[in-house]
2 protein chains.
Amino acid sequence: MIYTVGEAAKQLNVTPSTLRYYDKEGLLPFLERSGSGIRMFRDEDMSWLKMIDCLKKTGMSIKGIKHFMDCCMEGDSTIDDRLAIMGSQRDSVVQQMQEMQEMLDMLNFKCWYYQTAKDAGTCTVFDTMALEDFPEHYRKFIDPAKKNQ
Amino acid sequence: MIYTVGEAAKQLNVTPSTLRYYDKEGLLPFLERSGSGIRMFRDEDMSWLKMIDCLKKTGMSIKGIKHFMDCCMEGDSTIDDRLAIMGSQRDSVVQQMQEMQEMLDMLNFKCWYYQTAKDAGTCTVFDTMALEDFPEHYRKFIDPAKKNQ
DNA sequence: GCTTGACTTAAAGTTCACTTTAGGTTGTAC
DNA sequence: GTACAACCTAAAGTGAACTTTAAGTCAAGC
């Protein structure tokens, strides 16, 4: 199966211009054209696009992705480089997820906080609350210096 | 304890210019100044900054953060709005984490793939491998249309 | 054969979130 | 009292990642 830039873009949930931009930046060295110059995305190219999407979503820059793709085109001599790139990207994602979890904990606290305030009708409900009145796992978010959390 | 913009910035691991920029954009409505116009960050302001940092790190725009801060300054009349904002931000983070997990799975596959190629000295090692030769949890990443994964 | 929608390019424009620059003021240390 | 680092503002500049525009080409349906 062969897709045009518009069809490929739809599958990836991006605009055709984005794919053309990626092409211009050298992210799609695998891409072939028809005799009249039209981009032809094959099924295996869609796999490449998914990989690019993965790197993009995990925070790699266009330049970084281009470097990886260049390595991929080079062949076996770059296996070590590619392994290193994947390894550091994985480490980065693990870190990002840890940070995300911390942020989620804080947001969960805020949801509880505003839900409690909503139920009481006012944020002043917390003024008379002692630290022990807060659910245990939320206590770490409470700033004694701050009235309105 | 009171901090200058430079001290506050150091605690948050940002530059002083960033905090001045946030101030200019209206993200720091709580912030007070000394008689000579110098920004004074109190301990409870550092809590506000942590909240702003949390929203920023979870992908909220400067404009979105400003809106939230404005609600915070308004008082009890905006409790519902703030609860809604925190709720949707939490949902967004849950989604982001799910996506991150999928990306991590893919990167783990790629690490295994390149490690295997490295051990063999060539990517052609996969040419003779049947689907059953791949670890089970990695099989979903294999594209039959694609030689070099 | 002609319309129409999708494709092509190069180049300019946009948005976001800072960052830098220029010119000036403040406050602590000697 | 003077040096010097850190503060101040307004405004211009930066970099990343697209997005839009303009002018033209291609291919399927009538």
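In this text the structure is predicted, and so the values were computed from the model without any measurement. Throughout, a chain's letter reflects where its sequence line sits, starting with A, and its residues are numbered from 1.
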If each of Gly6(A) and Lys24(B) is mapped to the nucleotide of DNA chain C with the nearest heavy atom, which maps nearer the 5' terminus, i.e. the 5' end?
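Whichever sits nearer the 5' end wins; that is Gly6(A).
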Taking for each residue the nucleotide of DNA chain C bearing the nearest heavy atom, is the 5' side occupied by Met60(B) or by Glu7(A)?
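Of the two residues, Glu7(A) wins.
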Segment of DNA chain D, first to last nucleotide, that comes within the 4.0 Å heavy-atom reach of chain B
dC7(D) to dT9(D)
Hey, are the side chains of Ile62(A) and Tyr22(A) touching, using non-hydrogen atoms and a 4.5 Å cut-off?
yes
How close or far is atom [atom2] of [N] from atom [atom1] of [X], stated in whole angstroms?
X        : N       : atom1 : atom2 : result
Ile2(A)  : dC7(C)  : CD1   : C1'   : 15 Å
Ile62(B) : dC18(C) : CD1   : C1'   : 8 Å
Arg39(A) : dA6(C)  : CZ    : C1'   : 12 Å
Tyr22(B) : dC16(C) : OH    : C1'   : 11 Å
Ile38(A) : dT8(C)  : CD1   : P     : 6 Å
Met40(B) : dT26(C) : CE    : P     : 15 Å
Tyr3(A)  : dA6(C)  : OH    : C1'   : 18 Å

Give a yes or no on whether the ring-centroid distance for Phe41(B) and Tyr3(B) is below 6.0 angstrom.
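No, they do not, as the ring centres are separated by 6.0 Å or more.
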Heavy atoms only, 4.0 Å cut-off, all strands: where does [X] land among base, sugar-phosphate and nothing?
X        : answer
Lys63(B) : nothing
Thr18(A) : sugar-phosphate
Ser34(A) : nothing
Arg20(A) : base

Counting only side-chain heavy atoms from C-beta out, which of dT19(C), dG27(C), dT8(C) sits nearest to Ser36(B)?
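From the listed options, dG27(C) comes nearest.
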On the 0 to 90° scale, with breaks at 30° and 60°, tag the Trp112(A)-Phe126(A) ring pair as parallel, tilted or perpendicular.
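Tilted, since the angle between the ring planes falls between 30° and 60°.
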Between Glu102(B) (side chain) and Glu99(B) (backbone), is there a donor-acceptor pair under 3.5 Å?
no
Calculate, to the nearest 0.5 Å, the distance between atoms OG and CG belonging to Ser17(A) and Asp23(A) respectively.
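Here the rounded value is 12.5 Å.
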Rounded to the nearest 0.5 Å, what separation is found between the CG atom of Asp105(B) and the CE atom of Met100(B)?
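Rounded to the nearest 0.5 Å, the CG-CE separation comes to 12.5 Å.
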Start with the C-alpha distance between Ile65(B) and Lys56(B), add both sets of side-chain angles, then the distance that settles side-chain contact (heavy atoms from CB on, under 4.5 Å), and finish with yes or no.
CA-CA 8 Å; Ile65(B) 298 173; Lys56(B) 193 184 67 167; 4.1 Å; yes
Would you say Tyr21(B) places a side-chain N or O within less than 4.0 Å of OP1 or OP2 belonging to dT20(C)?
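Negative; the distance criterion is not met.
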